[in-house]
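These values consider heavy atoms only, across backbone and side chains, with no hydrogens, waters or symmetry-generated copies. Below, chains carry the letters A, B, ... as their sequence lines are ordered, and counting in each starts from 1.
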Number of protein chains: 2
Amino acid sequence: MPTKMQERPTQSAADTATRERILLEASRLFRHHGYAATTLREVADAAGIKAGSIYYHFESKEQILGEVLDKGIQAVIVAVRERVEALPKSATSRAKVAAAIEGHLWGLLHHGDFTSANIRIYGQIPLTAKNRHRKVRREYADYWDALLDEAMSRGELRRDIGATIARLFVIGALNWTVEWYNPQKGSFDNFAKQITTIVFDGTFTRE
Amino acid sequence: MPTKMQERPTQSAADTATRERILLEASRLFRHHGYAATTLREVADAAGIKAGSIYYHFESKEQILGEVLDKGIQAVIVAVRERVEALPKSATSRAKVAAAIEGHLWGLLHHGDFTSANIRIYGQIPLTAKNRHRKVRREYADYWDALLDEAMSRGELRRDIGATIARLFVIGALNWTVEWYNPQKGSFDNFAKQITTIVFDGTFTRE
DNA sequence: GTCTATACCTCGATAGAC
DNA sequence: GTCTATCGAGGTATAGAC
C-alpha cells in the first residue's frame, strides 16, 4: 500500500525511495533519542540528503512523526488480524489469544524502529499528534478486549482477575519486549512460545 | 536522607525546599515530555522561580537528570529489599518473589514521577548519563536473578522457561504498569494481588 | 529533487545587580 | 538566593538557484 500521494499523480521510484529512507531513519532516531531530541539535520544526514530537502517530501517534523507512528501500529494490527482470522471461528479462546500474542510480537519485533519508536515516544509527543492517533489505538484495545471477553465467557480466562487488567498487563508486557528481545538468543518461534506459556500459565509451578 | 551537600555545611530549610521542588517538577516534566523536550525555563516556571536561579542549586540540566533518575530507582530498590528481607530465610521462593513484586509495584506507583520518568526516558538520555546509572541497574537485575535462580533450583519456577526470560518479562510487565495503573479503580493491595496471581499462575485456567 | 543560505526563535548557561 | 539581561549555539522552516 503506497503512502498518501496528494498533489503528484506520477511519483517516481526515486522520490518514494528517498521519502521512505527519511521515515526509516527518523523512526530509528526517534526511538533512540526521543522525538524532540531528534533534529531534522540528523534525519537528513542519516538519509544522505541536506536538511532543506526534507521539506520537498514532508510539510513538517510533526508530519514525519505522524507517519512513523502510523507505520508502527499498522504493522502490529495487520499481523494480529491475519493470524487470528486464519483460525476457524470455533477455535478455542486459548488458540485465538495465542495467535494474537504471536501476531503482536511478530509485528513488534520485525518492524523494529517503527514499532519501538511508537511505544517509547507515544507518552511524550505533542498533544496534537496524540489526538490524531488515539482512535486507532482505542480500536486495537477494543479488539483485544473482545478476545478476552470471549475467553472469560467461555470460562477459559481465570475468574479471579479482571479482563481489563489482564489486557493491560499482557499488552504492556508484550510491548516491553522491544526493550530486551534479542534475536541472537534463540529463534522467534521459540521466544513467542515461551512468552505465550508465561501469559497463559504463569512462571511458577502450581502449589 | 538529605541530598548531597558539597560546598555548604549549613544549608537552610528554604534552600532544600526549592531544590526539592525543582527536582519534583523536573521529574514530572521529564515524564510527560521527555528529557530533551523539557526546558529549564519550564522547570523554573513550575517551581516558581526564574530560569537563572536554577544554577544556584544545580550545575547543569544533566545533573538534575541524574538526581531524578537516582531517586526513581532508589525508591524501588528500597521498597523491594525492605519487604524481602522482612521474610525468614526459610520462606518459599513464592513468598519471596511475591514480596519483591509487591515492593517493586509499591516503589513504582508511590513515587509517581520519579519512577515513571526513569522508566520512560532511560532509553533516550545522553550516553554519559546512561553510563552513570548502568551499574545500579545491573545490581538490581542481579538481585532479581538471584531470587529467580533460587526459585528454579527449588523446583518452584517452571522448568520450560528460562530464568532470564522470566525476569525480563516480569520486570518489564511490572514497569509498564506505571502507564496504566489507576489508583481510583480499586485498592493498591488488591491490584498487587491480581498482578502477582497473573505472574505466578497466568491468565488462563489450566487445560 | 536537492542544494545553499539564511530568517527567526528558543535553548542552556553565565554575569553581575540586588 | 533570586533576579534581569544576554551570549553563542543550534533548532525548524523558508526562499530561490541549479
To the nearest Å, how far apart are [X] [atom1] and [N] [atom2]?
X       : N      : atom1 : atom2 : result
B:Gln63 : C:dA13 : CD    : C1'   : 14 Å
B:His57 : C:dT14 : NE2   : C1'   : 16 Å
A:Phe58 : D:dA13 : CZ    : C1'   : 15 Å
B:Ile64 : C:dG12 : CD1   : P     : 9 Å
A:Glu62 : D:dA13 : CD    : C1'   : 14 Å
B:Arg19 : D:dT2  : CZ    : P     : 12 Å
B:Phe30 : C:dG12 : CZ    : P     : 9 Å
A:Ile54 : D:dT14 : CD1   : P     : 13 Å

Output yes when at least one side-chain N/O atom of [X] is less than 4.0 Å from OP1 or OP2 of [N], else no.
X       : N      : value
A:Arg41 : D:dG11 : yes
A:Thr18 : C:dT2  : yes
B:Tyr55 : C:dA13 : yes

Between A:Arg120 and A:Asn175, do the side chains contain a donor N or O and an acceptor N or O under 3.5 Å apart?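 Per modelled atom types, A:Asn175 and A:Arg120 side chains form no pair under 3.5 Å.
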Decide yes or no for B:Ile165 and A:Phe191: does some side-chain heavy atom of the first lie under 4.5 Å from some side-chain heavy atom of the second? yes
Does the side chain of B:Glu62 come within less than 4.5 Å of B:Thr128's, by heavy atoms?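 In contact.
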Work out which heavy atom in B:Pro126 is nearest to a heavy atom in B:Tyr35; give both atom names and the distance.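 That closest heavy-atom pairing would be CD-CE2, 3.7 Å.
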Determine the minimum heavy-atom distance between A:Arg167 and A:Trp144, stating which atoms define it.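 Shortest heavy-atom contact: CG-CB, 3.7 Å.
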What is the nucleic acid contact for B:Lys61, judged by heavy atoms within less than 4.0 Å: base, sugar-phosphate only, or nothing? sugar-phosphate
Between A:Thr39 and A:Ser53, which has a closest nucleotide on DNA chain D that is more 5'?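 The residue mapped nearer the 5' terminus is A:Thr39.
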B:Gly48 or A:Ser60, whichever maps to the more 5' nucleotide of DNA chain D: B:Gly48
